[in-house]
There are 2 protein chains.
Amino acid sequence: MAPDTARQSTRPAHLGIPSPAAGLHAGGLFANCPDLIGSPSVFARDEEIFGEGEEAEFVYKVVSGAVRTYKILSDGRRQITGFHLPGDLFGFDPGEIHRHTAEAVSDTKVLTFKRRQIERAATQKAEVACQLWDLTARTLRHAQDHMLMLGRGSALERVAAFLMAVGERLGDAGSFDLPMTRRDIADYLGLTLETVSRTISQLEGEGALLRAGARQVTLRRTRMRRLIDA
Amino acid sequence: MAPDTARQSTRPAHLGIPSPAAGLHAGGLFANCPDLIGSPSVFARDEEIFGEGEEAEFVYKVVSGAVRTYKILSDGRRQITGFHLPGDLFGFDPGEIHRHTAEAVSDTKVLTFKRRQIERAATQKAEVACQLWDLTARTLRHAQDHMLMLGRGSALERVAAFLMAVGERLGDAGSFDLPMTRRDIADYLGLTLETVSRTISQLEGEGALLRAGARQVTLRRTRMRRLIDA
DNA sequence: CGGGCGATTGAATCGCATCAAGCTATGTGG
DNA sequence: CCACATAGCTTGATGCGATTCAATCGCCCG
């Protein structure tokens, strides 16, 4: 009943593994709409795909590479709200206007779909509208899990959960490559790049992961979970 | 292009006024569905309306009072994801299961709607499905704005933005009453109740608000904005 | 081989959390 | 009607974790 038990702490504790960092695997979304075929398109590292405030003409699906979506504050602080990996959809803020900027994290191939076309399909077929609803709902769930992380997690919890989530989404076969920089990770987790770097070193020091270069990591999931659970 | 300009700082700065703390004014959502009529229901202060993990049988609309929705971590930390004020809808996580717990912040009147009924209407009428989609999208926008706050805002920015948002949603006629405790505010903003208290005192000290008792506040919006802008 | 960006590491600082009293309303029972 | 209890709020002292500032390292690419 009363919330009097709510405690706060900066100490490590179980955050639950949040849903993958942006997880919007498209499933068969457009499968049954034969006229909805995406046009392939390529973006170079750090190239803008769309900007905040622009008209939302297209919707995108990542084929290879990675994309970040973010907002910038007037003083330059940046909050990345999601990373989009192969298979993920992005750019689907309902409404006429993009509410984020999207950039390629690395060289990236995407499929582009006309938003108008999709929305028209939605107004005609309730089935399509429900799928879009479900898609937005999954994005919402991710956002809420991430809120929990940003509001309540220590640096250790945030970084560990992030690495595990990205690993899973990349189909972690033992080890994997992080597509993004430390700064990107920091701006996603609400930390500084130095803290991210230190925390990864700490995780390595405690045997929760191995590194081969800055980007390639091998997770020891059991040890990592032990670190953040207790 | 490159995100190298992203800076970080703990200093106050413009966060943009985030959308109101949960803002889901129902608009005319169920207006054109004459068979969807809510049953009135009353909950006492701190009474649970639904629990995380429960089957999502109903959807709610606040008539009077206030509701909080939150998640609890295994160690007791609580993250409130939204406050729901008169006119707001809540409990509409798509899916069969509630992903939050909802409690009355103060004595509260709500209207309850059968979720099944609404979803059935959605599968039949594309128009309804689109409205639900839009509803979820608005919740998503709020969540993303809140992420920005949690990830990047100082205590001062968070509290000031929160007060302004709540004031607006309550139709701030000069001054208004906060329905929730300092602990609730803290668990929403990712702070401790002491920090919230101190920050409000600080805002008062700098002439950004007046207090009449702990809960009633009068905002000096211009001064408050100056404080967080610069 | 050298330039440069990204990552790491160190030292000092700061903001918020934590721990710990008091304070102030509100309400209750004698 | 007042003493007392209690819940919520405020305020103070202290500590810790993350940020900030500042080198330095190391890898990748020209």
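These values consider heavy atoms only, across backbone and side chains, with no hydrogens, waters or symmetry-generated copies. Letters A, B, ... mirror the listed sequences (proteins, then strands); counts begin at 1.
Here the P atom of nucleotide dG6(C) and the CD1 atom of Ile200(A) are 15 Å apart, to the nearest Å. Rounded to a whole Å, the CZ atom of Arg158(A) is 8 Å from the P atom of dA18(D). If you take CG of Asp187(B) and P of dC9(D), they are 12 Å apart, rounded to a whole angstrom. Separating the CD atom of Gln202(A) from the P atom of dG17(D) is a distance of 10 Å, rounded to the nearest angstrom. One can place CD of Glu194(B) at 11 Å from P of dT10(D), the figure rounded to the nearest angstrom. Atom pair Arg183(B):CZ and dG8(D):P shows a separation of 9 Å (rounding to whole Å applied). Rounded to an integer number of Å, the gap from CG of Leu150(A) to C1' of dA18(D) is 15 Å. Between Gln216(B) atom CD and dT26(C) atom P there is a gap of 12 Å when expressed in whole angstrom units.
Taking only side-chain atoms of Thr195(B), from C-beta outward, the nucleotide of dA17(C), dG6(C), dC9(D) with the closest atom is dA17(C). When the nucleotides dC21(D), dG8(D), dT8(C) are ranked by their closest atom to the side chain of Arg215(B), dG8(D) comes out on top. With dA22(D), dT11(D), dC16(C) as the candidates, the nucleotide lying closest to the side chain of Ala155(B) is dC16(C). Proximity note for Arg182(B) (side chain, C-beta onward) versus dT10(D), dT11(D), dA7(C): the nearest is dT10(D). Which of dG12(D), dT10(D), dA17(C) sits closest to the side chain of Arg198(B) comes down to dG12(D). Of the candidates dA17(C), dT20(D), dT10(D), dT10(D) carries the atom nearest the Arg211(B) side chain, counting heavy atoms from C-beta on.
Within the nucleic acid shown, Ser201(A) comes within 4.0 Å of sugar-phosphate atoms alone, with no base atom in reach, counting heavy atoms only. Within the 4.0 angstrom heavy-atom criterion, only backbone atoms of the sugar-phosphate kind lie near Thr181(A); the bases stay farther away.
Between Thr199(A) and Gly213(B), the one whose closest nucleotide on DNA chain D sits nearer the 5' end is Gly213(B).
In this structure, His100(A) has no ring pair (Phe, Tyr, Trp, His ring centres under 6.0 Å) partners at least two apart in sequence or on a different chain. Partners of Phe58(B) under the ring pair (Phe, Tyr, Trp, His ring centres under 6.0 Å) rule, at least two apart in sequence or in another chain, do not exist in this structure.
Under the side chain to side chain donor-acceptor pair (under 3.5 Å) test applied with Gln202(B), the options Arg198(B), Glu206(B), Glu204(B) reduce to a single match, Glu206(B).
Where the helix from dC1(C)-dG30(D) to dG30(C)-dC1(D) starts and where it ends, the local axes point in directions that differ by 30°; five pairs per end, rounded to 10°.
Between His98(B) and Phe50(B), the ring-plane angle classifies as parallel under the 30° and 60° cut-offs.
Using a 4.0 Å cut-off between a side-chain N of Lys or Arg and a carboxylate O of Asp or Glu, Arg68(B) and Asp187(B) do not qualify as a salt bridge. Ion pair Arg115(B)/Asp93(B) not flagged as a salt bridge, since none of the NZ, NE, NH1 or NH2 atoms sits closer than 4.0 Å to an Asp/Glu carboxylate oxygen.
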Is there a side chain to side chain donor-acceptor pair (under 3.5 Å) between Glu157(A) and Ser154(A)? Walk through the geometry before answering. CA-CA 5 Å; Glu157(A) 291 171 296; Ser154(A) 66; 3.2 Å; yes
